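None of the values given here were measured: they were computed from a predicted structure. Every chain is numbered from 1, with letters handed out A, B, ... down the list of sequences.
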2 protein chains.
Amino acid sequence: MNADFLKDLINNYKNMIETRLAQHFLNPKSIAIVGASADPKKTGSRIQRFLVAHGYKGKIYPVNPNRDNILGLKCYSNLKKINEKVYHIFIALDGDKIIDSINDAISIGVKCATILSGGFSEFSLKGANLENKILDIAQKGNLRILGPNSIGIINISDSVILSANAMLELPNLKNGGLSVVSQSGSLIGALLAHGSSRGIGFSKLISVGNETDLSIGEIGKMLVNDINTDTIILFLETLRNSNEIAEMARLAYSSGKAVITYKLGKSDLGKELAKSHTGAIAGSDEAFNAFIKFNGITRVHMFETLIEVPNLFKNKVIAKGKRVGIATTTGGGGAMVVESLSDANIEVIDPGSSISKVMKKHNIPYDNNKLVDLTIAGAKPEIVNDVIQEFMNNDNCDLVIMVVGSSAKFRPDQAIDPLLKWANNSKPLAVYVAPDAPEALELLNKNGIASFRTPESCAEGIKAYLNYNAPSIIDDNIDDLKFQNIKNILKRVKVKNLTEFEALKVFDVMDINTVKSHVVSNLTKAIALRKEIEFPLVMKILSSEIQHKTDTGGVELNIISEEDLKIRYGKLFKVFEKLKIEDDKKQFIIQKMETGIAEIILGYRVDELVGPIVVVGSGGILSEVYDDKSVRIAPVDFKEAKDMISEVKSFMIFNGYRGLPKVNIDVLARAIVNISQLAFVNEIREAEINPVIIKKEGIVAVDGLINLS
Amino acid sequence: MNADFLKDLINNYKNMIETRLAQHFLNPKSIAIVGASADPKKTGSRIQRFLVAHGYKGKIYPVNPNRDNILGLKCYSNLKKINEKVYHIFIALDGDKIIDSINDAISIGVKCATILSGGFSEFSLKGANLENKILDIAQKGNLRILGPNSIGIINISDSVILSANAMLELPNLKNGGLSVVSQSGSLIGALLAHGSSRGIGFSKLISVGNETDLSIGEIGKMLVNDINTDTIILFLETLRNSNEIAEMARLAYSSGKAVITYKLGKSDLGKELAKSHTGAIAGSDEAFNAFIKFNGITRVHMFETLIEVPNLFKNKVIAKGKRVGIATTTGGGGAMVVESLSDANIEVIDPGSSISKVMKKHNIPYDNNKLVDLTIAGAKPEIVNDVIQEFMNNDNCDLVIMVVGSSAKFRPDQAIDPLLKWANNSKPLAVYVAPDAPEALELLNKNGIASFRTPESCAEGIKAYLNYNAPSIIDDNIDDLKFQNIKNILKRVKVKNLTEFEALKVFDVMDINTVKSHVVSNLTKAIALRKEIEFPLVMKILSSEIQHKTDTGGVELNIISEEDLKIRYGKLFKVFEKLKIEDDKKQFIIQKMETGIAEIILGYRVDELVGPIVVVGSGGILSEVYDDKSVRIAPVDFKEAKDMISEVKSFMIFNGYRGLPKVNIDVLARAIVNISQLAFVNEIREAEINPVIIKKEGIVAVDGLINLS
């Protein structure tokens, strides 16, 4: 038995366990409902009613000590009385009663439980304690939990509707390829209803609640392996277990399934609400965006785009560029889509002579507008067909937009018919239906064409598709010597914060050009440096206890003479006295005063939700005002670093702007790569060079800080 | 007969004419259809069919030389054969045939014509010539024209459906208070369809086409006077006759009618399309925003918000602040609305103890979240009622948001009932219905409650309402002496561009603190200035022919000594030589080198679409990168100027930011007021001070330009 064989065996076993768990959760052969009720006013009654109404084929065991029979089924006083194999229990009880059910479930060998009730960690400390207790018992008993605070599982493809969601009163749940994993239970119902009214079907919709045990990522992985799921939709209020989500997203990518998310917390206000609503930290939105980009997850900011956009991704083609062709049977409708595409760096292509020929052939006046307006041609299918064909043949076009006017309402067959043949084309077609025309939308959805109900969601969907990138390759190419040197510096540090001198030394080891620093502890030594460095100089207080030197008056710039040096030294000495620093700790750092074209900030930190990130942004006094920066998961490679530079608006001045010299940005890109490799140094929690001075031919780091974990 | 009496008489006569015109256009007693057709494939056939189908009560005269009878009505070979009074002709003919009809119409005394065909100024130069010819004939014959390129008039409240819009196949057009004036014909149909599916009714929908004669503003004024119109909706691709629109908007405000617009052209791409689509210049979006703010028009950027938002405005209350209270029966749904409100400077209020009491009374657990989540209470009407009542009573709340979950779908009566009583409340209620629930929306709309189909449009509607201001009062308080002085300076200018010296003199007269400038024509004189100004100095070339001194190397900053002055003078002399300026025109301007906290730009110009505007913004090299500025219609008063300052992001540093001194911004505000008063000087087309140096206690203008009309 060789090692590979053993590894395969272990993997196979692991897969088998996972498959079995997924089956018990999503498609169990039998279900016990603890807290079942016959009272239609009680939520507990819905579970059994919905299971039956939507055709569940397994066995159902209602559990309630006060009843013999519920809605025609034998009712058990407790789980232990069932005496048949129970694969999944659904708990519709509150508080401590849940603990009893969990214990009972474990004793009869149940492996899966869904807990409906809220009032746990999302609500109060007392609730959090109860939640921990439940988790502890379950883990010891090998019972996996969905929730608490989960509204349940809606598995349409297997007819297992195990949920209290009121939307399940809908009679015919439409089966389809979208699966939803959501931290909000009620929004699952809203998605279902919006889908239902326009022919969009779902496979599974799962409310994860507080994720005390099963996380979004683990459930997502079940969906990656689910043959009925084409697209995984995540509704997130926060990010928990980001590693699991990352792994799931990468597996989904390998399986050709798109992962699309709507996440709350773009704004501080949203973050505040998300925090109090879910009991979790919302984290920085930029870090989240870096995380999803890294792992190939697409984010949308409009709720209904979540269910409208998946068909753009279904043929698994990543767009080569950001170029669209657009035809319309309503001029204004087409113009609204273009309007909503603004600020997205998307090019509406000039269709040129090929479209002219088509228009001529059909005798339609055409003024060479980029928006190919077929209003006058009405909804004549052959014309629409020819125009779209032309765009599809055009190599300079990555996506085709068709905007349909009133014909969508009154002749949906005629208006929509010429669009359907593109469903499986490698270049996607996005359709905006301008009037309220549910039949047209249904026809499009049924045939797998991405269709949008508003010009804004259409534009958003297009942006999402054209901006999509495959997951980044994880770079773990380490220069061992370099890291040994850094570790040696860190070993000598006894506190959490490095001094500026130590921090600059680390950056120097990381191959980032750094200003030469001299540490002195008295004025005589400072003056003596006159021989080594030329004026103007910079002098700063040096202390691992003071992180914000500028704010405390601890930085003296542009020291021009020996006399000046004396005056400034006196000033800094007073700062030390004011801060009550002991005499033997009063140290000063002296450097050459560097100037250049601009000041920027280069940073690295371990984000508490997504892990190591690298940041580059505009520096100076306005950096906080404009918040002009780019963030990525660290480490990054050279190409990614150049991408980051192109995202910072103010860096456009490095390109030879208004008489300024053109900067060699490759040097900056290499510095970004270098600082991002701190991701390999576990000891470092945060590192920032502020500022990096940008010069024509290079950069120089003149100040920085490093904090340890 | 005194003057007032005469004025009244004229006004009354004018009003009578206007009223009569509005009646002939919107509600004519008889209509001739020129180019009528019985062929259902031809657009011409729709007009008569729709008129009849929707119950037109006046007389219809089909005109077509090839038919005796069309759809049961006698057909005339031409207009002159009718021999009865024709109030309005609808022309469904192309090209030159239109001219014949116009001539015939004039000859039988018709006063109103709608022209359907396109292919005019929006399409080609040839088309523009034909359009001009038609206008010329019509004006001479006292015939007013709607269009060309107008899809017609839909007057639902009077059952006059005079339009070729395909959407008129809809059987029952719902009557209501919204009236639409649109530069896009087809989108009228889309609005009608979206309204129809959720119980939103319209009074009039008018397609203005190319506005060759009747403009948006004139038609809008008809709607201001229309008792069936509550809200005027404008769909704009460009701005034509802004004065008429301004007048209309102000009349609408006085009549308590909101004017709400969607306008294309936010982006360069949109502008390009709007231009080629309508043949008009789209203009600057900032200037448009300044224009609508000045005149009390509200703009939305999502198409469906146009028909969703009006009920927020219907009680004619302007919000005191930007504070909202929010309750929800779907946590995620509520959070999405809050998310979409981000970046809008809107406060979600802390409902505090009053809501706690209500929740306690109804036994609902409540964790003091700002988002009052009633999910657990389901849709119990009494609880929803009590919570909303509490918010309505709260003086710190300007608008109440209610988000309705799945109950909206299955128990619309119960879920919606407690909301209806607030329809006529002075503090508005905005309702977002999370699931697809047309019945709930219909119930809300029928009762006059603002209801939204997406969280994003809900947030947009709320922003629109909370940001609304009454039209600005037009300030025409002129300081005659000041303007006489400016006119005297301008009189001496022989070219279109003032020199920097002259421009600074104008700014000085306008009471803007300006650096003292000295003009010299040789080095000796420059050196002699040494006695009058201290180093460091600035020296610039002075010429009305060179507008961009910096770009040509014509500015020397920070001249620190006499020796330095000589070197710099030599440099500037070479610039003059390179530019081939004649010897006697080689002049130099010398000023003290001013430094301060920041450099800003202050400007005034006459925008070709909206007229005089004033601009204040961030200066320096990054001003173009961040485009951080505020624009208003000029002149502005002191309060408006302070508002402008608060809109420029980077100006937050004037508030004592990170150790910088706090700036006296009142001085800057007065400078904005002063430059904005150039609006009274007709000769000036453009004036810019760049930069204005901001100091702790004041400002100083150091460079500027003025161009004349």
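Scored by the salt bridge (charged side-chain N to carboxylate O under 4.0 Å, His left out) test, R453(B) finds E304(A), E304(B) as partners (sequence neighbours excluded). By the salt bridge (charged side-chain N to carboxylate O under 4.0 Å, His left out) test, D350(A) pairs with no residue at all, sequence neighbours left out. In terms of the side-chain contact (heavy atoms from CB on, under 4.5 Å) criterion, residue partners of E624(A) (sequence neighbours excluded) are, by chain and number, Y657(B), R658(B).
Considering only heavy atoms from C-beta on, M336(A) comes within 4.5 Å of L187(B) through its side chain. K409(A) places a side-chain heavy atom less than 4.5 Å from the side chain of L170(B). Proximity of I621(B) to L660(A): side-chain heavy atoms (C-beta onward) are separated by under 4.5 Å at one or more points. Contact of the E339(B) side chain with the Y262(A) side chain is registered, since non-hydrogen atoms from C-beta on lie closer than 4.5 Å. Counting only heavy atoms from C-beta outward, the side chains of L622(B) and Y626(A) never approach each other to under 4.5 Å.
Nearest approach of G332(A) to F235(B), heavy atoms of both residues: O-CZ, 4.5 Å. In terms of heavy atoms, S197(A) sits closest to D436(B) at CB-OD2, 3.1 Å. E456(B) approaches H301(A) most closely through the heavy-atom pair OE2-O, 3.5 Å. The minimum heavy-atom distance linking M167(B) with P435(A) is given by the pair CE-CB, 3.4 Å.
Contact of F410(B) with chain A is made through the side chain alone, with heavy-atom distances under 4.5 Å. For Y366(B), the part lying under 4.5 angstrom from a heavy atom of chain A is the backbone only. Heavy-atom distances place the side chain of P455(B), and not its backbone, under 4.5 Å from chain A. For S618(B), the part sitting under 4.5 Å from any heavy atom of chain A is the side chain, from C-beta outward, and nothing else.
Among S406(B), S457(B), A437(B), S182(B), the residue making the largest number of heavy-atom pairs under 4.5 Å with chain A is S406(B). The most heavy-atom pairs under 4.5 Å with chain B, out of L191(A), D628(A), T454(A), come from D628(A). When the candidates A408(A), A166(A), P438(A) are compared by the number of heavy-atom contacts under 4.5 Å with chain B, A166(A) comes out ahead.
Contacts of residues 648-656 of chain B with chain A at a heavy-atom distance below 4.5 Å involve K649(B), S650(B), M652(B), I653(B), listed in sequence order.
Atom CD of E439(B) has 12 or fewer heavy atoms from other residues, nucleotides or ligands within 6.0 Å. In this structure, E442(B) places its CD atom where more than 12 heavy-atom neighbours from other residues, nucleotides or ligands lie under 6.0 Å away.
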